[in-house]
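Read the structure below first, then the notes.
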Amino acid sequence: MSRDTTELSSCLVLAKGSQDLLFSPVFPGFSQKNGICNGTLYKKTFIEHFEQAPMYVAVFTFVGFAVGTIFGYLRDFMRAWGLEKRNIAEEREQQKDFVPLYQDFENFFNRNLYLRIRDNWNRPICSVPGPQFDLMERVTDDYNWTFRFTGRTIKNVINMGSYNYLGFAETDVNALKTVTIELEKYGTGICSTRQEMGTLDKHIELEKLVATFLGVEDAMVFGMGFATNSMNIPALVGKCSLAPAEKLQKIRFMFNIYSLIGAVLYHRGVSVAATLGLILESVDSLVQTFAEAMHVTQEPVIGKQPEPHYPEALTHYMQSLEKLLREAIIYGQPRTHRAWRKIIILVEGIYSMEGSIVRLPEIVSLKNKYKAYLYLDEAHSIGAVGATGRGVIEYFGMSPDDVDVLMGTFTKSFGAAGGYIAGRKDLVDFLRTHSHSAVYATSMCPPVAEQIIRAMKCLMGLDGTTQGLQRVRQLEKNTRYFRRKLHEMGFIIYGNDDSPVVPLLLYMPGKIGAFARRMLEKNIGVVVVGFPATPITESRARFCVSAAHTREMLDTVLNALDELGDFLQLKYSRYSKSSHPELYEEKMLEPED
Amino acid sequence: MDVKSAKNYVFWLFCQFELITCSYLMEPWEKVLFYSFNTGMVGMLLYTTYACVAAHAGTALRLLWHCLGTQPDSAASAVK
């Protein structure tokens, strides 16, 4: 096992030494020229880009935030002294002497920076979120404090924001025939939890299908994707367990911690899992304060981990995980030094903010070496990567037995709602009795279950067509094309070459609003992300490529991005091939025999 | 024609300034405040340059000439 790791690190050192070229799309064949060493964990090339922008970009970003902050203070001052109308929530006059309800300063960023560009989020749509959708037009009269709808709809906006990876969010009547039948047979409501009267034959059928699809013994489905994590992690990770989570899992884990707290407060006896320094300090302190409040024995170990954004850190990332595992095993629990009862490593298949794929072979080898458990959250990767859409496990050519808990959601690639947890039969049996969701949450409704069944059957080829496989291939083609063209144009794109989530870095806060608004003017809907979800200097626009996008749609988007990139000066990359690549099908240059 | 493209270029530069300093996001009265503050600072900088830098530069140059002026005599005496 250690021999594999050394060989792998030697290969990674090779990659690291030539990182400039490796990250250059100008030489796509560079890494393939030397090929993959035979004894390593990776069976094909693993190229990820995390290019750093020139220094002036960071300077300008800080200038922008500084100006925004100064004006934020000015506006707050004016509001506090009555020079400006207050639109924010505040207590009534009679309650002013009480304990304050609204923490003003905590919402500073929200009030002064987010609010100015708030019109780019929460845009209501009024059609199915397919490759194109309709938006309701809305305007604001008082600088985004309130909106009103004009009554018009903006038709056929190209959708680059929905997690519709395989294009199953569709309204085609033929495709939805079985769903309509189930809707008429069962209705929409279940009105009960799984453990009471909410288990239908549809759920059993779906669970068997999910288990077959993933190649595991058994699976359990839940009504809500987010709740799958937040309700089941407390069931799996009890007192005296350690859960190091990858730093890139940021917000999802933060929210899970918040809901963990909700769940734990409800069950006084259950303790919360200690989290290591791989997650954000804010979450650390949150768990720490909560742990202190609950008089829980374990406390989080705070360690400064290297930023996993930069290439050097990626090679050190597994080394730091190994170091953490070793320290956890050697030193045990913080005060008593008793051994941890179990150690669970939580990772995601694709990190939606970075577009990077988890380094599963290394993590599995680490977990086998140190006897830890692995919880793999495939929310974005199930259906989206892998030769037949079975997720990162298939992408790396590994077996599902390597991962202890496979979790995923049906919201992204299957066009439905809900999530699943799959694995060995005893794990799933445990969850059926101990999951908080099974006890308290209503189960998945039958038409949604039928949608998942039909999508999964389509993917597996059980409906008699090759449509599922075609969708997976189309997504792969679209992803590669889109990423390659964006690299050639000179944008900084993060993430793996095979991941359909494409973050395009914008950096400066002023450009976030400008980018989203101008793209909407060109009839393209994008999602932009800023500070709390990403590091403060790295705001980005996140594109989600779909199998339903045609080449023309992608070309429209790419042309618009080209124009906008020139106007807003977004082409920060130092490795672009040419500034105006023509968009045409490249001919094969090899002579045919 | 050249004037138009020059004007477009200046306008584009101004847009870049607006984007970088987040004044694109400000309400009109905030923009007025921000630009007047900036113009004031730049104006003061230019005035200081005009008023003081020329004088200091002149003094420095005079000092330099003085040193250089006496140099041949002292060099000759040193050689001897």
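Note on naming: letters A, B, ... go to the chains in the order of the sequence lines (proteins, then strands), and numbering restarts at 1 for each one.
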Intermediate values then yes/no, side chain to side chain contact (heavy atoms under 4.5 Å, CB included), A:Ile158 and A:Leu554: CA-CA 9 Å; A:Ile158 298 180; A:Leu554 288 181; over 6 Å; no
Derivation of the ring pair (Phe, Tyr, Trp, His ring centres under 6.0 Å) call for A:Phe71 and B:Phe34: CA-CA 9 Å; A:Phe71 274 92; B:Phe34 185 61; 5.7 Å; yes
Using a plain distance cut of 3.5 Å, could you tabulate donor-acceptor pairs between chain B and chain A?
{"unit_1": "B:Trp12", "atom_1": "NE1", "unit_2": "A:Phe567", "atom_2": "O", "d": "2.9"}
{"unit_1": "B:Gln16", "atom_1": "NE2", "unit_2": "A:Phe567", "atom_2": "O", "d": "2.7"}
{"unit_1": "B:Glu27", "atom_1": "OE2", "unit_2": "A:Arg75", "atom_2": "NH1", "d": "3.1"}
{"unit_1": "B:Glu27", "atom_1": "OE2", "unit_2": "A:Arg75", "atom_2": "NH2", "d": "3.0"}
{"unit_1": "B:Glu30", "atom_1": "OE1", "unit_2": "A:Arg116", "atom_2": "NH1", "d": "2.8"}
{"unit_1": "B:Glu30", "atom_1": "OE2", "unit_2": "A:Arg75", "atom_2": "NH1", "d": "2.7"}
{"unit_1": "B:Glu30", "atom_1": "OE2", "unit_2": "A:Arg116", "atom_2": "NH2", "d": "3.0"}

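- Nearest approach of A:Phe515 to A:Val528, heavy atoms of both residues: CD2-CG1, 4.0 Å.
- Of the two parts of A:Leu568, the backbone and the side chain both hold a non-hydrogen atom closer than 4.5 Å to a non-hydrogen atom of chain B.
- A:Leu504 has its side chain out of reach of A:Ile492: every pair of non-hydrogen atoms, C-beta onward, lies at least 4.5 Å apart.
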Trace of the side chain to side chain contact (heavy atoms under 4.5 Å, CB included) decision for A:Leu520 with A:Leu135: CA-CA 10 Å; A:Leu520 189 60; A:Leu135 271 183; 3.4 Å; yes
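- Put simply, the side chain of A:Leu505 does not reach to within 4.5 Å of the side chain of A:Phe491, judged on heavy atoms.
- In this structure, CE on A:Met160 lies 8.0 Å from CD1 on A:Ile524, to the nearest 0.5 angstrom.
- Residue B:Leu25 forms a side-chain contact (heavy atoms from CB on, under 4.5 Å) with just one option from A:Val67, A:Ile512, A:Leu115, A:Ile117, and that option is A:Ile117.
- Scanning both residues, B:Cys22 and A:Gly510, for their nearest heavy atoms gives SG-N, 3.8 Å.
- Crowding of A:Phe62 atom CZ: a count of heavy atoms from other residues, nucleotides or ligands under 6.0 Å not exceeding 12.
- For a heavy-atom cut-off of 4.5 Å, chain A lies close to no residue in residues 42-60 of chain B.
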